[in-house]
Amino acid sequence: MKILVIEDNVELLKDIKNFLDEQGNVCEIAPNYQSAYMKAVIFPYDILVVDITLPDGTGLDIIKEVKKENIDVGIIIISAKNAVGDKVNGLEVGADDYLTKPFYLVELNARIKALYRRKVYKGSKEILFNEIRIKPGSYEVFVNNRLMNLTKKEFDIIHFFVANKNRLLTKEAIAEHLWGDHIEMVDSFNFIYTHLANLRKKITKFGGNDYIKSIYSVGYKFSE
Amino acid sequence: MNLVTKTNKYYLVFFVLLFPLMVATDFYLIRYFVSKEVDDILRHESERIIFSLKEKGAFLPSNYLFEINPLKEDSSVLNKYRDTLIYEDYANKFIPYRTYEFTTQVDSQKVRVSIHHILLEMNELVVWLFVATSLIILLLITGLFFINQVIYKWTWKPFFKNLSKVTNYDITKKNPVSLEVSNISEFQELNKIVTGLMNQVKKDFHNLKEFNENIAHEIQTPLAIIRNKMVLLLESQNLSKKELQWVKAVYQEANKLSKIGKSLTLISRIENQEFRRLNSVDIHTIVDNIVGNMEEMIQFKNLTIKVKLYPVKVKCDLILANILFTNLIKNAVQHNQEGGFIEMLLNEEKFEIINTGAISSIETAQLFNRFQRGNKVTTSLGLGLAINQKICEMYGFRLNYDLHENKHKLSLYFNTRCAF
């Protein structure tokens, strides 16, 4: 997948680029409006990750330009402005998704993948990880071709894990993914712990491997 | 009390105090001049009598009733005026007279002469003069009063227009207030000051807003970077146990900081009235969605949930409504005990949520303050209810906390103006 990340903070830009590169994407960067506009209009990308506040312009204008040129690209806004107006404006000019800073890189990654799937495969594409097969469109997970009976949150967890395989998913990132931005719940870590245990049990019962590893006590990693 | 009533009140007080004084002065002045006139007449008559005695040696016929009394040679009595009552047979009563007594010589015999002038018509004159002038004073004062009212309304017109303009002034709106121009220098000055103040307030408001936005932007991005680097450190897997603890602490604190920032920004945005959309929000659906989102958490905590929702629509911002109800329901789940229960009721008047849970050590009044945490649960920020309070203030909702039979009960009363 070809991704252009437009973000004025160079350090954050590097973080995002490294993360996305390691996921096997081709990730290009633009730290300001000028270079972002040039790249977005000339080169074909699958996904644009756009920061609203740029030193020489606004990300909204880039989105408008791209839409004016009829370029077919998925757009995710990343903004610190957390303002409702921004979100509404962004989605109105044609962005597909909106993330408020500070976001977890794993969350951005999952959103990019989901958006890409929606755009290119219209959501019909299955996600494969060895014996595990996920059908995001119908919220179904198969292990060794057997349909697992999962709750909604369990599905969200495994989907999130597979989208971010080999990466550390902190409990905070998982909690925010499951419940959203403004809910910090005291019990969410216990909840995640219990449901992960359930998930492991279910997968192994269906003859799958246990890919979920606890990393120190901060989070989990889904890897072979 | 408004300006007109206040002025009128003072006007009335002064009038009530001054009018008797004016009338009394008026009365005494008139009486003084009338009696002086009578005295003058009597003195004039006495001089005529004395002159005639000197020249002709006889009393003149006089209209003024007079009596003559011989005096001893050596006695000396001063001339004097006095009021007397003389009995008149025809009227069968005493009639008031003004008397002038003077001493003169008749054929080398010293005599005391008294002349009288009737006061009847004089008293009448005094009374009529008094009534006439009092009426004129009264007319003048009431006339002045009404003229004042008209002048007052006319001259203060720009002031009242400006007053309503300033009252309706909305700092979040871009268009500036154009104050009514007046040729009265005090009003001009006031306009200048008010305009200056409004500009200053506006500037401060925008600075504050900018500061908030900057905080949100400038702090969140570094926090995101800190967080990313900490995850990278954790992923590197080469950390000693001690180092791991440090990294973990930094990661968690950065998370907390970011959440505090987000919540405080949200509060100030609500205070700045930046959420001004008035959707007709279907509360029923919102509550349903939130409960759905927490369903598994509710199961996880073994909570019994009883929900009774009637379709209710309230005019407010959809996002704020979501935050408000999420906070309320989340709290009921979060502060609940294992195997407890939650009961929700939604109707036209209110949303009520009752839940079991440990009894909070915080006073009810402080519950809605920032950074108040009930059960010393350190992962909670204590900003949820403060945010709720702000949202309620904005829409005129009322949030009420009750401890009833060891159950927490939060009631949210919708404004009758908004609910329908």
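Letters A, B, ... mirror the listed sequences (proteins, then strands); counts begin at 1. On a predicted model such as this, the values are computed, not experimentally measured, just so you know.
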J.: Please identify, among K14(A), R167(A), K221(A), K152(A), the residue contributing the most non-hydrogen atom pairs under 4.5 Å to chain B.
T.: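 Winner by heavy-atom pair count: R167(A).
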J.: Are there over 12 heavy-atom neighbours, none belonging to K201(A), within less than 6.0 Å of that residue's NZ?
T.: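 Atom NZ in K201(A) is not packed in, count stays at 12 or less.
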J.: Which atoms of L244(B) are under 4.5 Å from chain A, going by heavy atoms: the side chain, the backbone, both sets, or neither?
T.: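 The side chain, not the backbone.
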J.: Just verifying a value: how many Å separate F191(A) CZ and I298(B) CD1, rounded to the nearest 0.5 Å?
T.: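 Separation between the atoms: 10.5 Å.
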J.: Sequence neighbours excluded, which residues qualify as side-chain hydrogen bond (donor to acceptor under 3.5 Å, both in side chains) partners of T170(A)?
T.: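 Expected list: Y251(B).
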J.: Contact part of F19(A) toward chain B, heavy-atom cut-off under 4.5 Å: side chain, backbone, both or neither?
T.: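 When you check distances to chain B, no heavy atom of F19(A) falls under 4.5 Å.
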J.: Which region of K171(A), side chain (C-beta onward) or backbone (N, CA, C, O), has a non-hydrogen atom less than 4.5 Å from a non-hydrogen atom of chain B, or is it both or neither?
T.: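 For K171(A), no heavy atom lies under 4.5 Å from chain B.
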J.: Under the 3.5 angstrom rule, does the side chain of K101(A) hit a backbone N or O of P222(B) as a donor-acceptor pair?
T.: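 Looks like no, no N/O pair under 3.5 Å.
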J.: Between Q252(B), E235(B), K229(B), E296(B), which shows the greatest number of heavy-atom pairs under 4.5 Å with chain A?
T.: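 So the answer, after comparing Q252(B), E235(B), K229(B), E296(B), is E296(B).
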J.: Mind listing the closest non-hydrogen atom pair of P102(A) and R227(B) along with its distance?
T.: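 Shortest heavy-atom separation between P102(A) and R227(B) comes out as O-NH2, 3.0 Å.
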J.: For K205(A), I'd like to know if atom NZ has over 12 heavy atoms of other residues, nucleotides or ligands within 6.0 Å.
T.: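 No.
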J.: Under a 4.5 Å heavy-atom cut-off, does chain A meet the side chain of K301(B), its backbone, both or neither?
T.: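 The answer is the side chain of K301(B).
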J.: If I take atom CH2 from residue W179(A) and atom CE from residue M297(B), how far apart are they, to the nearest 0.5 angstrom?
T.: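 With rounding to 0.5 Å, CH2 (W179(A)) is 4.0 Å from CE (M297(B)).
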J.: Give, as side chain, backbone, both or neither, the part of I215(A) having an atom under 4.5 angstrom from any heavy atom of chain B.
T.: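 Looking at I215(A), just its side chain touches chain B.
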J.: Check each atom of L178(A) against the heavy atoms of chain B and say whether the ones under 4.5 Å are side chain, backbone, both or neither.
T.: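 The answer is the backbone of L178(A).
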